[in-house]
Amino acid sequence: MWLLREPWLSLLDAAFVLLIPSNFLILMADSITVPRVRFAPSPTGFLHVGSARTFIFNWLYARHNHGIMILRLDDTDVERNTQQSVDSIFDGLKWLNLNWDEEYKQSDRLDLHRKTAWAIFEKGLAYRDFTPAHAGDAEKSGAQGTWLFNPGARELSRAESDRRAASGEPFALRFRVPRENEANSPTVWGQPPSAVRFAEGKLCVHFKDSVYGDQVKAADDIEDFALLRSDGMPTYHLASCADDADLRITHIIRGQDHLTNTFKHVLIFEAAGATPPQFAHLPLLIAPDGTKLSKRRHGPVVSVTTYRDAGFLPEAFINFLCLLGWSPKNDRENLSLQELQDAFSLEGINRSNAVVNFKESGSAVSSAAPNGDVIPTAREASGRNLLLVTEETFDPKALWLNAEHIRALPVESLSDRLLPIVRAEGWDVSPDKMLRVTSLIRERIKLLRDVLTTANFFFVKQLPPYDSAELIPQKGDAAMALKALMRAREILPNVEFRHDPLDHALRTAAQELGLKAGQMFQPIRVAVCGRKNAPPLFETLEVLGRETTLDRIAQAIAKLQ
RNA sequence: GUCCCCGUCGUCUAGCCCGGCCUAGGACAUCGCCCUUUCACGGCGGUAACACGGGUUCAAAUCCCGUCGGGGACGCCA
């Protein structure tokens with residue numbers, strides 16, 4: 001399952017063998033180092049569109065720079081992780097059809113995390129906190145500002161700490177964030193390159209973000225965060241950094257909600273003796289109401305599978321997501337995957353949050369589960385059920401892009417994608433007929449599932465009921481409709497069912513009846529399609545065939561009489 | 001509450017770093033016209049934005065300060 005590719009390592013080995021001077025080797029290693037990026041979802045729900053975008057940006061960065069894409073399941077929260085969620089995330093990623101090169105699971109690497117934590121402890125950069133969990137939670141986020149540490153815990157002597165631990169007393173391991181008044185405590189701070197330094201007379205933590213620029217935060221605004229919980233499990237911060245260091249991640253591209261966490265991460269990296277990777281934080285995706293997208297509040301629009309089931313093309317969906325918070329800066333918007341890959345760069349990412357512009361529908365709220373964080377059930381996930389998700393559920397630009405990508409597809413491949421959807425509806429269609437129908441509807445659908453409504457009359461034996469008033473043409477009456485239809489019934493048995501002969505025959509018939517072409521065509525169109533809006537008439541008749549056409553015209557005549 | 005980030009048409013954005021080519025460009029949506037047997041596609045055009053207030057400067061969307069507004073983070077969640 002683990003695909004390990006380390007081309008640069010073997011190159012290094014080769015260099016050693018060749019006895020290349022070491023200074024040259026360093027240069028070489030530098031220039032050869034392959035970017036390594038990761039997408040690290042935690043399996044506590046379905047695949048969120050925001051996560052999908054993070055994944056896509058990582059992927060684009062990796063592929064653009066000939067780097068390595070890593071998928072890592074951040075599953076250290078035993079309480080909330082579910083296999084169902086893992087499956088759901090893989091479902092979404094599989095649909096996106098973007099591959100990755102290596103795959104890991106944090107729960108397989110707990111030893112590494114603990115080792116890293118205790119190494120930090122041994123350096124004096126972490127301490128045991130015997131304060132019971134959640135003690136004083138109520139006041140914490142209250143009026144008196146940032147909570148920094150539990151009283152007394154920091155000062156506990158090593159001997160006392162060891163004694164209490166040995167006696168079996170539970171404790172959490174906390175990071176000893178450097179404080180000004182104890183700058184001389186046993187630490188390794190100050191060894192360059194260090195993120196900790198004085199700025200404007202204050203002890204500060206610093207890092208550079210590729211998107212947001214230089215970031216500085218006073219150490220006094222960073223609390224002594226936990227590394228290990230009292231049950232011995234690593235926290236997110238620790239596990240994430242230990243793994244990023246161990247996996248030699250070079251660039252961390254993630255949501256801006258992690259921007260302030262990064263100060264902590266930089267501290268962990270340096271305490272663990274690792275060089276922090278390059279960070280790039282992405283602006284957040286928000287809902288029209290201005291808040292972070294959430295399943296509970298905003299419904300199915302935030303789940304990737306909703307887009308899949310509604311008939312988005314993965315490449316269109318990717319294209320859409322890329323345009324939220326990133327721009328190629330050349331006014332191009334409709335881009336293929338390859339074009340995105342070629343154009344992508346961190347410089348094109350902007351800093352302000354982007355609104356996913358959908359209409360908030362009442363049904364969305366009711367269909368969301370009470371805890372808001374659940375995976376769609378099999379029923380919900382099935383395409384049929386999602387017909388309830390209306391077109392206005394989606395950002396109009398996403399819809400437009402999807403339509404563009406649909407039209408850009410060769411008819412054959414579009415037809416191949418449409419066929420299973422039509423068959424799932426229970427309609428038996430040959431690939432040949434599907435192909436012919438496809439070329440008639442490809443400029444008329446925005447979502448793949450639209451084939452079900454736009455082209456239904458090609459597939460059903462019996463037309464759904466329609467109002468006979470529809471048959472009456474512009475500036476005409478029932479008598480006119482009847483006249484047109486009866487004439488059609490008369491001549492069609494002897495006309496070859498191809499575009500030109502049909503065109504000629506029906507136009508002549510209209511002339512003879514003293515009707516405008518439109519007045520002749522409309523009753524026929526409604527008779528065979530069951531509605532006014534449909535693909536061009538002659539091509540439609542051609543696909544439908546003589547028998548069906550005449551049958552439906554006869555039915556329409558009966559309706560009018 | 002504390003800290004961090006952000007603020008150009010309804011929405012996504014270009015321009016901002018390196019002030020003048022910006023009477024602010026593109027796209028979606030919207031409205032109108034054209035094409036047309038309906039719908040769609042396509043073509044043409046319209047409406048529509050530099051959050052506000054002060055500086056600096058011959059000149060500010062672009063630089064500085066402040067205000068307001070929005071978002072995020074402050075867990076033994078990730």
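It should be emphasised that the depicted structure is a prediction, and the values quoted were computed from it without experimental measurement. Lettering of chains follows the sequences in order, A, B, ..., and the numbering in each one begins at 1.
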Set out, line by line, the N/O atom pairs under 3.5 Å between protein and nucleotides 60-64 of chain B.
none

Give me the distances for all protein-to-nucleotides 7-14 of chain B N/O pairs that come in under 3.5 Å?
from  : atom 1 : to       : atom 2 : distance (Å)
B:C12 : OP1    : A:Val355 : N      : 2.9
B:C12 : O2'    : A:Leu323 : O      : 2.6
B:C12 : O2     : A:Lys397 : NZ     : 3.3
B:U13 : OP1    : A:Gly325 : N      : 2.4
B:A14 : OP1    : A:Lys329 : NZ     : 2.8

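Distance check on atom P: B:A24 versus B:A60 gives 15 Å, rounded to whole Å. Separation of the P atoms belonging to B:C22 and B:G66 is 32 Å when rounded to the nearest angstrom. Straight-line distance between the P atoms of B:G71 and B:U11: roughly 14 Å, to the nearest whole Å. With P as the reference atom, B:U23 and B:C68 are 32 Å apart, rounded to whole Å. Taking atom C1' in both B:C35 and B:C44, the straight-line distance is 11 Å, to the nearest Å. Taking the P atoms as reference points, B:A73 lies 28 Å from B:G10, given to the whole Å. The separation of B:G1 from B:C52, taken at their P atoms, amounts to 26 Å, rounded to a whole angstrom. Comparing the P positions of B:A61 and B:C21 gives a spacing of 9 Å, expressed to the nearest Å.
What separates CG of A:Asp214 from P of B:C17 is a distance of 17 Å, to the nearest Å. Following rounding to the nearest Å, A:Leu293 (CG) and B:G71 (P) show an atom-to-atom distance of 13 Å. Look at NE2 on A:His265: it is 11 Å from C1' on B:A73, rounded to the nearest Å. In this structure, CD1 of A:Ile472 is placed 19 Å from P of B:U38, rounded to the nearest angstrom. Rounded to whole Å, atom C1' of B:A73 lies 12 Å from atom OH of A:Tyr236. One atom, CZ of A:Phe175, and another, P of B:C74, lie 17 Å apart when rounded to the nearest Å. When the P atom of B:U38 is taken as reference, atom NZ of A:Lys516 falls 11 Å away, rounded to whole Å. The interatomic distance linking A:Arg507 (CZ) with B:U38 (C1') rounds to 13 Å, in whole Å.
Counting heavy atoms from C-beta on, the side chains of A:Lys397 and A:Asn357 never come closer than 4.5 Å. At a threshold of 4.5 Å between non-hydrogen side-chain atoms, the residues A:Thr82 and A:Ser88 do not count as touching. Annotation: side chain of A:Tyr127 is not in contact with side chain of A:Leu156 (no heavy-atom distance under 4.5 Å). Residues A:Gln106 and A:Leu73 fail the side-chain proximity criterion, which asks for heavy atoms closer than 4.5 Å.
In terms of modelled atom types and a separation under 3.5 Å, the side chain of A:Asp129 and the main chain of A:Arg154 share no donor-acceptor contact. Side chain of A:Asp224 to main chain of A:Arg176: no donor-acceptor pair is present (N/O by atom type, distance under 3.5 Å, no hydrogens or angles). In this structure, the side chain of A:Asn456 does not engage the main chain of A:Leu452 through any donor-acceptor pair within 3.5 Å.
When distances run from any side-chain atom of A:Trp400 to the nucleotides B:A27, B:C3, B:C76, the shortest one goes to B:A27. Taking every side-chain heavy atom of A:Glu223 into account, B:G75 is the closest of B:G75, B:C76, B:G71. Of all nucleotides listed (B:G72, B:G42, B:C39), B:G42 comes nearest to the side chain of A:Arg407. For A:Ala172, the listed nucleotide lying nearest its side chain is B:C76; candidates were B:C76, B:U38, B:A73. Comparing B:G72, B:U38, B:C76 against the side chain of A:Asn533 picks out B:U38 as the nearest. The side chain of A:Arg444 sits closest to B:C39 out of B:C76, B:C39, B:G75. Here the nucleotide nearest the side chain of A:Pro536, chosen from B:A29, B:U38, B:C77, is B:U38. Distance from the side chain of A:Leu259 is smallest for B:C4 among the nucleotides B:A73, B:U2, B:C4.
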Nucleotide by nucleotide, nucleotides 18-23 of chain B touches protein heavy atoms under 4.0 Å in the pattern (B base, S sugar-phosphate only, - none) ------
Going 5' to 3' through nucleotides 43-53 of chain B, assign each nucleotide B (protein heavy atom under 4.0 Å from a base atom), S (under 4.0 Å only from sugar-phosphate atoms) or - (no protein heavy atom that close). -----------
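When all heavy atoms of A:His298 and A:Ala287 are compared, the closest pair comes out as NE2-CB, 3.2 Å. A:Phe55 approaches A:Phe39 most closely through the heavy-atom pair CD1-CD2, 3.3 Å. The two residues A:Leu148 and A:Asp220 have their closest heavy-atom pair at CD2-O, 3.3 Å.
Pair assignment for B:C39 gives none, since no Watson-Crick or G-U wobble pairing has each distance under 3.5 Å. In this structure, B:C74 and B:G1 make a Watson-Crick or G-U wobble pair, each of the two defining distances being under 3.5 angstrom. Applying the Watson-Crick and G-U wobble criteria (two distances, each under 3.5 Å), B:A51 pairs with B:U67. In a base pair of the Watson-Crick type (N1 to N3 plus N6-O4 or O6-N4) or a G-U wobble (N1-O2 and O6-N3), with each distance short of 3.5 Å, B:C21 is matched with no nucleotide. In this structure B:U62 sits in no base pair that meets the Watson-Crick or G-U test at under 3.5 Å. With a cut-off of 3.5 Å on both pairing distances, B:U57 has no Watson-Crick or G-U wobble partner at all. Pairing for B:G45 goes to B:C31, judged as Watson-Crick or G-U wobble with the two contacts each under 3.5 Å.
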Let me have the donor-acceptor pairs involving side chains of residues 321-331 of chain A, under 3.5 Å, with sequence neighbours excluded, atom names and distances please.
from     : atom 1 : to       : atom 2 : distance (Å)
A:Trp326 : NE1    : A:Ser345 : O      : 3.3
A:Ser327 : OG     : A:Lys329 : N      : 2.9
A:Asn330 : OD1    : A:Arg332 : N      : 3.1

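A sub-4.0 Å separation between OP1 or OP2 of B:C5 and a side-chain N or O of A:Gln215 is present. Side-chain N/O atoms of A:Arg531 include none lying less than 4.0 angstrom from OP1 or OP2 on B:C39.
Contact check on A:Asp450 versus A:Lys446 returns no salt bridge, with no Lys/Arg side-chain nitrogen under 4.0 Å from an Asp/Glu carboxylate oxygen.
Of the candidates A:His281, A:Gln256, A:Gln215, A:Arg351, A:Asp209 forms a side chain to side chain donor-acceptor pair (under 3.5 Å) with just one, namely A:His281.
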Worked verdict on A:Phe538 versus A:Phe521 for ring pair (Phe, Tyr, Trp, His ring centres under 6.0 Å): CA-CA 9 Å; A:Phe538 311 126; A:Phe521 300 158; 5.2 Å; yes
So A:His258 and A:Phe263, ring pair (Phe, Tyr, Trp, His ring centres under 6.0 Å) or not? Walk me through it. CA-CA 9 Å; A:His258 283 293; A:Phe263 295 102; over 10 Å; no
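Taking the centre of each ring, A:Phe317 and A:Tyr307 come in below the 6.0 Å mark.
For the segment residues 205-213 of chain A, residues with any heavy atom less than 4.0 angstrom from an atom of RNA chain B are, sorted by number, A:Tyr212.
Among the protein residues, A:Ala534 comes within range of the nucleic acid bases, having at least one heavy atom under 4.0 Å from a base atom.
Within the cation-pi definition used here (under 6.0 Å to the ring centroid, within 45° of the axis), A:Lys559 qualifies as a partner of A:Tyr466.
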